[in-house]
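What follows is one structure encoded as structure tokens, with my remarks underneath.
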Amino acid sequence: MAEKERKKSRQIDRRMVVEFCQIHFPGARWFFNVRLGPLPAEIQKRYPGMDLDRLARVWKKTCDAVVITAEALTLIEGEVIRPIEALGELLVYRDLIAQTPELAAYRNLPVKMLLVTPQKDPTIEPTIADHGIEVIFYRPQWVERYLKEVM
């Protein structure tokens, strides 16, 4: 896939996740494009004096959304085209919560992993079940139009 197409796909994924959170988690606390985990120590040592926040954009993992409710901390990944891509990301993100200082206040909450996608991929169902990942199919009209353009 060309870089321009991938960039547009990311923007579509992001728009879908933001809209989904507004509809399905009204009144909850949302964080979008959340960097999880620490910057690797070897990177900090290798580049002394550099803006570590800028480096973190490259090295830290970025979750599409983290939603905080009284019941849970929910990690959300949105994938319009290839839902399989979100599975590994969600598992890594789950493991990075304990190492993310910005989420320290929420570590006592149960963690849920949620894949938001407009299309079903039956090949990933066993993996989803094995790892406790929930899938919600969300396909508003604007996503439908986008899919017709690219598929």
Side-chain angles (χ1 to χ4, degrees), residues 1-40 43 53-151:
M1 183 181 297
E3 182 60 30
K4 188 174 181 180
E5 289 176 35
R6 183 64 190 148
K7 188 172 185 176
K8 183 173 182 179
S9 176
R10 284 189 199 130
Q11 292 168 350
I12 296 294
D13 292 345
R14 182 172 299 138
R15 178 180 173 192
M16 183 179 67
V17 167
V18 170
E19 187 176 288
F20 174 84
C21 288
Q22 291 170 338
I23 293 168
H24 287 67
F25 293 99
R29 188 164 202 182
W30 314 313
F31 302 97
F32 299 105
N33 300 317
V34 180
R35 283 187 245 148
L36 299 171
L39 184 64
I43 299 303
D53 187 54
R54 186 178 180 103
L55 276 176
R57 293 180 194 148
V58 175
W59 293 99
K60 281 185 153 183
K61 310 305 179 235
T62 305
C63 185
D64 287 345
V66 174
V67 177
I68 307 297
T69 64
E71 298 81 33
L73 180 154
T74 303
L75 300 170
I76 300 175
E77 274 301 299
E79 278 294 334
V80 172
I81 303 295
R82 293 181 39 112
I84 194 171
E85 290 183 2
L87 302 184
E89 292 174 337
L90 284 167
L91 295 172
V92 170
Y93 298 161
R94 178 199 60 201
D95 294 346
L96 289 173
I97 290 171
Q99 301 171 47
T100 305
E102 296 83 359
L103 297 177
Y106 311 109
R107 286 189 193 136
N108 62 327
L109 291 171
V111 176
K112 293 183 178 180
M113 296 175 288
L114 178 59
L115 166 60
V116 176
T117 184
Q119 50 196 353
K120 188 172 186 167
D121 180 349
T123 64
I124 64 175
E125 289 178 12
T127 303
I128 291 166
D130 288 348
H131 295 285
I133 298 171
E134 181 182 355
V135 178
I136 294 185
F137 299 103
Y138 180 64
R139 196 172 178 133
Q141 281 297 343
W142 64 268
V143 170
E144 183 73 33
R145 287 189 298 274
Y146 174 74
L147 289 171
K148 286 178 182 175
E149 288 175 21
V150 298
M151 297 184 104

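Note that these values count all heavy atoms, side chains included, but never hydrogens, waters or copies made by symmetry.
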| task | Report yes if some heavy atom in the side chain of T117 is under 4.5 Å from a heavy atom in the side chain of V80; otherwise report no. | result | no
| task | Mark yes or no for whether T62, through its side chain, and V34, through its backbone, hold a donor-acceptor pair below 3.5 Å. | result | no
| note | Residues passing the side chain to side chain donor-acceptor pair (under 3.5 Å) test with R29, sequence neighbours excluded, are Y106
| remark: One should read off an interatomic distance between M16 CE and Y146 OH, to the nearest 0.5 angstrom, of 10.5 Å
| Side-chain heavy-atom pair V66, I76 within 4.5 angstrom cut-off | no
| request: Give every residue pair that meets the salt bridge (charged side-chain N to carboxylate O under 4.0 Å, His left out) criterion with at least one member in residues 132-142, sequence neighbours excluded. | output: R139-E144
| said: So, taking the atom named CG in D130 and the one named CD1 in I124, what distance separates them when rounded to the nearest 0.5 Å? | reply: 12.5 Å
| task | Just jot down the side chain to side chain donor-acceptor pair (under 3.5 Å) partners of D95, sequence neighbours excluded, or say none. | result | none
| task | Side-chain contact test, heavy atoms from C-beta onward, threshold under 4.5 Å: evaluate it for K112 versus L73 and give yes or no. | result | no
| said: Any side-chain to backbone donor/acceptor pair from Y93 onto L36? Under 3.5 Å, distance only. | reply: no
| request: Could you tell me whether a side-chain N or O of R35 sits under 3.5 Å from a main-chain N or O of C63, the two making a donor and an acceptor? | output: no
| task | Only counting residues at least two apart or in another chain, list the ones meeting side-chain contact (heavy atoms from CB on, under 4.5 Å) with F32. | result | V17, V18, C21, W30, A65
| Value rounded to 0.5 Å, distance of CD1 in I133 from CG in L75 | 10.0 Å
| task | Decide yes or no for I81 and L147: does some side-chain heavy atom of the first lie under 4.5 Å from some side-chain heavy atom of the second? | result | yes
| side chain to side chain donor-acceptor pair (under 3.5 Å) involving E71 - partner list, sequence neighbours excluded | T69
| request: Nearest 0.5 Å please: distance from the OG1 atom of T74 over to the CD1 atom of I68. | output: 7.5 Å
| Would you find a donor on one side and an acceptor on the other, under 3.5 Å apart, between the side chain of E77 and the backbone of D64? | yes
| request: State whether R82 and E85 are salt-bridged, where the test is any N-O pair (Lys NZ or Arg NE/NH1/NH2 against Asp/Glu carboxylate O) under 4.0 Å. | output: yes
| field | Set of ring pair (Phe, Tyr, Trp, His ring centres under 6.0 Å) partners for H131, sequence neighbours left out | value | none
| message | Going by side chain to side chain donor-acceptor pair (under 3.5 Å), name the residues that satisfy it together with E19, two or more places apart in sequence or in a different chain. | response | Y138, W142
